[in-house]
Amino acid sequence: MSENVKVTEIFGEDVFNDTVMQQRLPKKVYKDLKQTILEGKELSLEMADVIAHEMKEWAIEKGATHYTHWFQPLTGVTAEKHDSFITAPLPSGKVLMSFSGKELIKGEPDASSFPSGGLRATFEARGYTAWDCTSPAFVRHDAAGATLCIPTAFCSYTGEALDQKTPLLRSMQAINKQAMRLIRLFGDTTAKRVIPSVGAEQEYFLVREDKFLQRKDLIFTGRTLFGAMPPKGQELDDHYLGTIRQKISAYMKNVNEELWKLGVTAKTQHNEVAPAQHELAPIYAEVNVEVDHNQIVMQTLKRIACQHGMKCLLHEKPFAGVNGSGKHNNWSLTTDTGVNLLDPGNTPHENIQFLLVLSCVLKAVDKHAALLRESAADVGNDHRLGANEAPPAIISVFLGDQLTDVMNQLITTGMADHSIESDKLETGVKSIPEFMRDTTDRNRTSPFAFTGNKFEFRMVGSRDSIAPANIVLNTIVAEAFQEACDILEEAEDFDMAVHDLMKKNFTEHQKIVFNGNGYSDEWVEEAKRRGLPNISCMVEAVEALTSDQTVELFEKFGVFTRAELESRKEIKYEAYAKAINIEARTMIDIASKQIIPAVIKYTKHLADSINAVVAAGVLEVDVQTELLKETSGLLRETRDALKKLKDVAEEAAKLPEGKESAFFYRQQVMPAMENLRKPVDELEMLVDKEMWPMPSYGDLLFEV
């Protein structure tokens with residue numbers, strides 16, 4: 001983008017958005033499509049043909065030659081199969097460019113090679129992608145040229161969800177229905193929909209591409225499996241919000257331009273806490289669109305990095321000893337008329353609808369804490385959660401002083417008659433303008449924090465889809481709303497029933513509220529006393545997917561069937577075992593082929609040096625001898641740890657896929673990996689840097 005081009009002129013230029021549809025579609029077709037998007041009205045094939053034709057013409061004007069159904073299978077990344085617009089050649093030898101409504105609405109990728117958790121056998125190959133018209137199509141420009149990308153759901157031949165989008169759309173229907181019941185009780189007769197809105201903050205690392213390519217662990221696993229800390233890490237806090245280096249600024253500018261063209265509202269960018277770590281945050285969007293946008297963000301971050309001679313790392317913990325990366329999921333509920341159900345207003349104690357919604361959210365999070373924890377469970381996130389750099393693995397809710405005070409008033413008296421008011425911020429500097437500070441500070445140690453008019457779920461891993469967390473949030477809150485509406489719709493005295501219900505919810509679920517330091521050991525003990533679950537790792541979290549309570553919840557709202565939940569559990573166990581297996585094999589490969597040979601070469605160099613000194617008649621070789629002895633001892637320790645890792649990895653490979661295998665990798669293979677890393681990292685501090693076979697942490701973190 002040249003300096004003379006305005007953001008407003010390029011924003012959304014590669015998106016088949018509402019403006020484009022209004023311009024290109026006949027009025028009746030546009031109206032019917034909008035009703036499909038907003039109300040779920042069925043769209044006829046004739047209408048789809050018209051839309052498909054105009055979408056194709058628009059895409060061709062953008063340079064597109066191919067289209068793809070862009071979907072999100074349970075692999076952790078997006079998938080696509082490209083088809084060109086050309087049809088069979090004409091007698092003249094020319095070809096036509098066509099795209100039918102049938103091709104727009106339905107695709108048929110091979111389903112057998114995607115994870116299904118036993119829902120589909122290998123020979124059962126048929127699966128379908130179905131157009132999600134609520135998320136706009138877009139044209140992506142890359143080395144392949146221009147491609148029309150059509151967001152779609154992905155399901156099996158028998159109708160089970162094999163993706164992230166299908167259950168997300170189901171959960172949006174569930175919370176919309178129950179939230180509409182609730183706001184109708186409070187007299188809202190104009191709103192037609194309640195939409196979960198989300199903004200996903202994305203953290204990431206940037207490293208030099210040439211350094212990246214010298215690290216097999218980064219190439220194969222996305223994280224460093226070996227590495228000693230450099231003399232300086234993040235202890236000075238000088239990188240956080242520091243001046244962005246010119247090379248990184250150029251990268252961010254390029255990323256922003258690409259995202260703006262695709263309609264992604266990239267707004268905030270800054271340096272994060274760790275060296276070489278950064279963050280990008282968008283403005284809110286409807287959750288279904290934001291899930292797609294976040295996938296676009298991650299793909300764009302990685303693609304543009306390559307154009308700048310860098311690699312973007314999205315692993316939750318690419319470097320031991322410095323902060324890992326997360327993805328803060330900012331969730332709220334908004335009507336189509338613009339009313340935020342989580343906005344407390346200036347006097348929260350008088351905002352009865354808000355207080356009821358708040359009490360329902362607390363109830364939902366407390367009741368389904370284990371399920372919400374599972375929604376952020378990931379093999380990489382195990383290295384990050386609870387490490388004094390991210391939320392603890394214990395689910396709790398931060399409300400802040402003002403709302404906690406209102407909650408306590410309702411619990412003790414059944415009524416709230418005041419709210420803590422804000423006051424002026426006193427800086428002691430007369431030249432600084434006066435302003436009112438917020439009534440509540442923020443708490444960055446809380447996994448689920450109220451931050452003004454939304455809840456920030458801070459546990460999601462940096463490379464994970466935000467769909468699972470929002471599926472859970474939508475559904476558990478829908479359940480709490482349903483239970484509240486069932487009571488209130490039958491109440492003779494509505495006002496009294498609301499106050500009684502709020503008091504009941506706050507009283508029974510106040511244990512989930514914690515405003516203190518989530519990093520402290522005292523909180524771990526306090527949470528245990530309160531009966532809050534502390535689920536430390538992914539393999540322990542997965543069981544929550546198929547508990548009777550979870551199955552009942554999801555089946556009640558049609559979000560998941562028991563079979564779909566069982567399949568997802570199996571997929572997660574398999575993914576965990578496979579990820580750790582790859583890491584273990586990578587460590588074995590690096591240690592065997594690179595590290596041990598390098599250390600042997602160094603010890604030979606030391607021995608030759610000692611012999612040369614002795615031959616010269618100089619007897620003082622104590623330093624060299626001690627160094628050789630220390631290095632040889634660590635080399636022996638490395639060899640023994642390597643043999644142990646090989647043995648347990650071979651044992652793990654013999655186990656059948658599933659829960660037993662996942663737990664074995666967690667309990668046996670991972671400790672063996674740590675035991676191998678320890679002496680290797682010590683050796684890195686002894687061996688001549690010129691002989692060490694890979695770039696150090698210092699090279700990676702400080703030479704971007």
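Residue numbers count from 1 along this sequence.
- With sequence neighbours excluded, the residues that form a salt bridge (charged side-chain N to carboxylate O under 4.0 Å, His left out) with D217 are R215.
- Environment of CD in Q307: crowded, with over 12 heavy atoms of neighbouring residues, nucleotides or ligands closer than 6.0 Å.
- T134 and N288 form a side-chain donor-acceptor contact under 3.5 Å, judged by distance and modelled atom types alone.
- Within a 6.0 Å radius of NZ in K302, other residues, nucleotides and ligands contribute 12 heavy atoms or fewer.
- Rounding to the nearest 0.5 angstrom, the gap separating the OG1 atom in T152 from the CD atom in E80 is 10.0 Å.
- The aromatic rings of W70 and F138 sit perpendicular to each other, their planes meeting at more than 60°, with 30° as the lower class boundary.
- The salt bridge (Lys or Arg N to Asp or Glu O under 4.0 Å) with E316 is formed by just one residue from the set R463, R223, R384; it is R463.
- Taking the six-membered ring for Trp and the full ring otherwise, F114 and F71 have centroids separated by under 6.0 Å.
- Heavy-atom neighbours of K177 NZ from other residues, nucleotides or ligands within 6.0 Å: at or below the threshold of 12.
- In this structure, L301 CG and I296 CD1 are separated by 12.0 Å, a value rounded to the nearest 0.5 Å.
- Distance check, rounded to the nearest 0.5 Å: OG1 of T36 to CD of E42 gives 8.5 Å.
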Can you give the donor-acceptor pairs under 3.5 Å from side chains of residues 193-203 to other protein atoms, not counting sequence neighbours?
residue : atom : partner : partner atom : Å
E201    : OE1  : H328    : ND1          : 3.3
E201    : OE2  : N330    : ND2          : 3.0
Q202    : OE1  : N294    : ND2          : 3.2
Q202    : OE1  : K327    : NZ           : 3.1
Q202    : NE2  : S462    : O            : 2.7
E203    : OE1  : G326    : N            : 2.7

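- Crowding of K247 atom NZ: a count of heavy atoms from other residues, nucleotides or ligands under 6.0 Å exceeding 12.
- Note: F99 and Y67 have tilted aromatic rings, judged against thresholds of 30 and 60 degrees for the angle between ring planes.
- Heavy-atom neighbours of R585 CZ from other residues, nucleotides or ligands within 6.0 Å: at or below the threshold of 12.
- The aromatic rings of H82 and H66 sit tilted, their planes meeting at an angle between 30° and 60°.
- Using bins of under 30°, 30° to 60° and over 60° for the plane-to-plane angle, the ring pair H315/H383 lands in the tilted bin.
- For E61, the side-chain hydrogen bond (donor to acceptor under 3.5 Å, both in side chains) partners at least two apart in sequence or on another chain are R24.
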